[in-house]
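Following: one structure in structure tokens, then a few remarks.
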Amino acid sequence: MTDAQAEEEPRGPAAGARICTPTDVAAQYRRHHESLAKVAARFFEGKRPDAAENAVMDVMLRLTESAKAGELTDKGEDWGPYLRRAVRNSCVDIVRREKREREHFPQGDPELERIVDLDPLGDAIAQQHSTRWQVARLKSALATLDESELLIIWLTFWKGATDKQIGDRIGTSGQAVGQRKKTILRKLLKEVTKDE
């Protein structure tokens, strides 16, 4: 195919998709705003409500611009998971942008030459925020477990006990412990990822 032929072919939406309008984006904003605000607030640990709201608004503004340009399509899928990921990414971008600004304009003398650390984009700070958020989610998920489930998890992951050793300790078979462990891990995964 030549370049001339490629330019002549229309670039429309994929099969089964329709082009979204800014009204569609506004409807999705109203539908998901509360959950997106919670995702952003959790990322900033509730300490930066202005940054959390900016992250949500940045995502919605980008989507509105794409809709106005006719570049946004919808296949009838739920926008929730995509929007939550986009808001988390927007939070990371805000942290990185602030880190860059601090490096370029240090307090005191903006002309002062500085040695830029080994993390100029703020990846380490973003990772710290993400790790804190994940640890908080895991703690809340562990809080949903009962005493025997916590004992199985503790013996498995912190003490390195086998299913048979755990079974001997709690008075059941190793196979039953293995099945119960799978159920517990599914429960934890569901709790940890329920807002994603």
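As the structure is a prediction and not an experimental result, all values here were calculated from the model. Along the sequence shown, the residues carry numbers beginning at 1.
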Self-check item: Lys187 atom NZ: more than 12 heavy-atom contacts under 6.0 Å
Solution: yes

Practice problem: Test side chain to side chain contact (heavy atoms under 4.5 Å, CB included) on Glu53 and Arg48 and set out the steps. | Solution: CA-CA 9 Å; Glu53 187 59 30; Arg48 310 248 337 258; over 6 Å; no

If every non-hydrogen atom of [X] is compared with every non-hydrogen atom of [Y], which pair is closest and at what distance?
X: Phe44; Y: Cys91; result: CE1-SG, 3.6 Å
X: Val25; Y: Leu72; result: CG2-CD2, 3.7 Å
X: Ala141; Y: Glu191; result: CB-CB, 3.6 Å
X: Val59; Y: Ser90; result: CG2-CB, 3.9 Å

Going from [atom1] on [X] to [atom2] on [Y], what distance comes out if it is rounded to the nearest 0.5 angstrom?
X: Asn89; Y: Arg96; atom1: CG; atom2: CZ; answer: 8.5 Å
X: Thr156; Y: Ile184; atom1: OG1; atom2: CD1; answer: 8.0 Å
X: Leu83; Y: Ser35; atom1: CG; atom2: OG; answer: 8.0 Å
X: Asp24; Y: Ile19; atom1: CG; atom2: CD1; answer: 11.0 Å
X: Ile153; Y: Leu188; atom1: CD1; atom2: CG; answer: 5.5 Å
X: Ser148; Y: Arg180; atom1: OG; atom2: CZ; answer: 3.5 Å

Please output the side-chain donor-acceptor pairs of residues 165-177 that fall under 3.5 Å, not counting sequence neighbours, one pair per line with the distance.
from   : atom 1 : to     : atom 2 : distance (Å)
Gln165 : OE1    : Thr162 : N      : 2.8
Gln165 : OE1    : Thr162 : OG1    : 3.4
Ser173 : OG     : Ala176 : N      : 3.1

Using only atom types and a distance under 3.5 Å, with no angle test, would you say the side chain of [X] pairs donor to acceptor with the backbone of [Y]?
X: Ser140; Y: Arg137; value: yes
X: Glu149; Y: Asp146; value: yes
X: Thr64; Y: Met60; value: yes

Self-check item: Beyond-backbone contact of Leu185 with Lys181, side-chain heavy atoms, under 4.5 angstrom
Solution: yes

Exercise. Applying side chain to side chain contact (heavy atoms under 4.5 Å, CB included), run through Tyr82 and Leu63 and close with a yes or a no.
Key: CA-CA 12 Å; Tyr82 166 78; Leu63 287 174; 4.1 Å; yes

Quiz item: Step by step, would you call Asp58 with Asp93 a side chain to side chain contact (heavy atoms under 4.5 Å, CB included)?
Solution: CA-CA 10 Å; Asp58 284 348; Asp93 290 344; over 6 Å; no

Are [X] and [Y] connected in the hydrophobic side-chain network, where two residues link if heavy atoms are under 4.5 Å apart?
X: Leu138; Y: Leu155; value: yes
X: Val135; Y: Phe157; value: no
X: Leu150; Y: Val192; value: yes

Quiz item: What's the verdict on side chain to side chain contact (heavy atoms under 4.5 Å, CB included) for Leu36 and Tyr29, showing C-alpha distance, side-chain angles and the deciding distance?
Solution: CA-CA 9 Å; Leu36 298 177; Tyr29 175 79; 5.8 Å; no

Practice problem: Run the salt-bridge test on Lys38 and Glu34 with the 4.0 Å N-O cut-off and return the result as yes or no. | Solution: yes

